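Both ligands and their constituent atoms are indexed starting at 1 by order of listing. As the structure is a computational prediction, the values presented were derived from the model and not from experiment.
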Amino acid sequence: WKRTHYSQELDEDMDGETVTLMGWVHEIRDLGGIIFVLLRDRNGITQITAPSKKITPELMEEIRKFKKESVIAVKGTIQGSPKAPGGVEVIPEEVKVLNESKQPLPLDPTEKVRAEIDTRLDSRYLDLRKHSISAIFKIKSTMLHSVRIFLEEKGFMEVNTPKLVGSATEGGTELFPITYFEREAFLGQSPQLYKQMMMATGLDKVFEIAPIFRAEEHDTLRHLNEVISIDAELAFADQEEAMELLEKLVHHAIKEVKENCQAELEDLGVELEVPELPFPRLEYDEVIDIVNSKGVQLQHGEDLSRAAEKALGEVMDGYYFITNWPSEIKPFYVQPHEDEPEKSYAFDLMYRDLEISSGATRVHQHDLLVKQIKSKGLNPDSFQRYLAAFEYGMPPHAGWGLGAERFTMCITGMKNIRETVLFPRDRRRLTP
Ligand code: AMO
């Protein structure tokens with residue numbers, strides 16, 4: 001037995017041809033004299049039609065015993081059938097149950113009975129049999145692929161940095177401590193320090209696509225404890241170049257998804273719009289005015305609250321940058337303005353009310369970096385090896401981190417970040 005075709009490869013022009021399909025029993029309808037089985041495979045569904053007039057009683061009995069979600073192989077002849085999905089049906093000649101599914105099912109892949117997200121995540125292998133769910137991951141995969149191609153074409157080299165680390169990088173979010181032999185260590189919150197150290201190597205342009213770990217305690221639709229971060233760092237560059245790279249990458253990835261994932265977007269009912277370049281740029285001070293004008297309190301020097309993000313999202317429809325953030329709410333590695341050090345060269349990329357990326361021109365001057373580490377209440381001694389890279393020829397540089405799941409949410413229209421991760425990790429969930 002060898003599979004010859006996927007469901008989607010069958011059409012009326014193949015009338016009379018013999019094919020072998022393999023997949024799952026999506027549905028079975030037994031009308032006595034005729035049995036209809038819907039066989040579902042990676043891309044589609046084919047109707048297997050078994051009329052007692054045309055096939056042997058033994059074969060009829062074998063088919064009658066099929067159970068929902070069992071894995072089957074069907075060898076048969078194609079016959080044009082305008083009413084069947086895809087315009088064809090297959091009249092079976094031989095069938096084989098490759099593996100029988102237990103009954104009852106923990107959830108119904110035909111979606112006649114809708115399941116809660118927790119039930120779905122518990123049985124993710126079954127949940128993903130729905131084409132409307134696997135579509136999200138095909139889109140995510142296309143997005144990640146297009147990001148890699150885009151960055152490589154721009155001269156970026158893909159790197160891998162450690163996820164077992166000795167110190168914090170981002171203020172604000174908590175670290176996951178782990179036991180590292182006789183010492184304490186942490187799961188990496190961001191490749192920040194490593195991608196910056198790469199700038200001192202002469203490799204100039206690097207990117208990494210890898211997990212980051214955040215011990216965020218809150219339970220929201222936008223946070224997980226493990227996500228994939230798309231990180232880029234560019235030497236001899238400032239925030240303007242970093243922002244331009246980021247907006248072009250976002251634009252390119254959306255264009256690629258629109259071109260290559262038509263069926264998946266349709267499965268999700270998404271009309272994807274390719275955003276126009278350049279993206280609007282708002283200054284932090286303007287954001288305060290907008291938010292306050294919507295009746296939401298936001299003081300200068302505060303990070304955006306959820307209410308502030310929502311108010312902003314009502315005014316700003318697509319992708320946009322927020323620039324000139326106060327230094328006090330940005331991490332130590334962000335370059336302050338020379339003449340007005342309370343302002344920084346940091347930016348966030350937003351989509352409506354959702355932050356999808358942060359970036360900045362970095363501090364490349366050793367002494368200023370030490371000063372900023374201290375002013376954030378951190379100890380420069382724990383950054384010794386990182387700081388050393390700034391003493392022997394560190395070029396000016398800039399970069400950003402783009403959350404792969406939040407970006408996938410923007411493209412697929414998902415409201416819950418859990419929908420965009422195969423096996424999400426949140427405060428309550430560590431399995432499967
Ligand atoms: P930041 O902490 O803003 O910046 O993270 C960058 C982007 O990563 C995503 N992200 C998350 N997504 C879901 N759940 C989380 N818990 C979570 N944490 C982060 C978001 C966010 O915009 N080192 C800097 C980047 C840089 O300056 O290069 C950083 O990590 O989409």
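Near Trp400, with a cut-off below 4.0 Å to any heavy atom, the atoms of ligand 1 are 26 (C), 28 (O). Taking every non-hydrogen atom of Glu355 and a distance limit under 4.0 Å, the qualifying atoms of ligand 1 come out as 3 (O), 21 (C), 22 (O), 31 (O). Within ligand 1, counting atoms from 1 as listed, the ones closer than 4.0 Å to a heavy atom of Arg222 are 13 (C), 14 (N). Atoms of ligand 1 found under 4.0 Å from any heavy atom of Gly359, numbered from 1 in the order shown, are 27 (O). Every atom of ligand 1 is numbered from 1 in the order shown, and the set under 4.0 Å from a heavy atom of Gln192 is 23 (N), 24 (C), 25 (C), 26 (C), 27 (O), 28 (O).
Shown are Lys102, Arg40, Lys130; of these, the salt bridge (charged side-chain N to carboxylate O under 4.0 Å, His left out) with Glu69 is made only by Arg40. Considering Asp238, Thr361, Thr323, Val363 as possible partners of Tyr345, the one that fulfils the side-chain contact (heavy atoms from CB on, under 4.5 Å) test is Thr361.
For the pair Leu224 and ligand 1, the shortest N or O to N or O distance falls below 3.5 Å. Considering backbone and side-chain atoms together, Gln189 places no N or O closer than 3.5 Å to any N or O of ligand 1. Checked by distance only, ligand 1 and Leu402 stay at 3.5 Å or farther apart across all their nitrogen or oxygen atoms. Distances between N or O atoms of Ile212 and those of ligand 1 include no value under 3.5 Å. Looking at ligand 1, you'll find an N or O of Gly401 within less than 3.5 Å of one of its N or O atoms. Between Ser229 and ligand 1, a contact under 3.5 Å exists for no N or O pair.
Residue-ligand proximity: Ala360 is placed with every non-hydrogen atom at 4.0 Å or more from ligand 1. Ligand 1 lies out of reach of Gln196, whose nearest heavy atom is not under 4.0 Å from it. Using a 4.0 Å heavy-atom cutoff, Tyr333 is listed among the residues neighbouring ligand 1.
Considering Lys195, Arg425, His223, Arg406 only, the shortest heavy-atom separation from atom 12 (N) of ligand 1 involves Arg406. Across Ser357, Ala398, Gly403, heavy-atom proximity to atom 8 (O) of ligand 1 is greatest for Gly403. In this comparison of Ile417, Thr220, Ile356, Ile230, the heavy atom closest to atom 31 (O) of ligand 1 sits on Ile356. Scanning Glu233, Arg214, Glu216 for the heavy atom closest to atom 19 (C) of ligand 1 points to Arg214.
For the residue pair Glu266 and Gln262, no side-chain donor N or O sits within less than 3.5 Å of a side-chain acceptor on the partner. Side-chain contact of Thr161 with Glu208: a donor-acceptor pair under 3.5 Å is present, judged by distance alone. Side-chain contact of Ser358 with Asp348: a donor-acceptor pair under 3.5 Å is present, judged by distance alone. Thr46 and Ser7 form a side-chain donor-acceptor contact under 3.5 Å, judged by distance and modelled atom types alone. A donor-acceptor pair shorter than 3.5 Å can be found between the side chains of Gln196 and Tyr386.
Under the 30°/60° scheme for interplanar angles, the aromatic rings of Tyr284 and His300 are found to stand perpendicular. Between Phe332 and Phe383, the angle of the ring planes goes over 60°, which puts this pair in the perpendicular group of the 30/60° scheme.
Two rings, from Phe176 and Phe213, have their centers 6.0 Å or more apart.
Within the cation-pi definition used here (under 6.0 Å to the ring centroid, within 45° of the axis), Arg42 qualifies as a partner of Tyr6.
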Please determine whether salt bridge (charged side-chain N to carboxylate O under 4.0 Å, His left out) holds for the pair Lys310 and Glu314, giving the CA-CA distance in whole Å, both sets of side-chain angles, and the decisive distance to 0.1 Å. CA-CA 6 Å; Lys310 281 194 171 152; Glu314 282 172 29; over 6 Å; no
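With a 4.0 Å cut-off on non-hydrogen atoms, Arg362 touches ligand 1 through its side chain and not its backbone.
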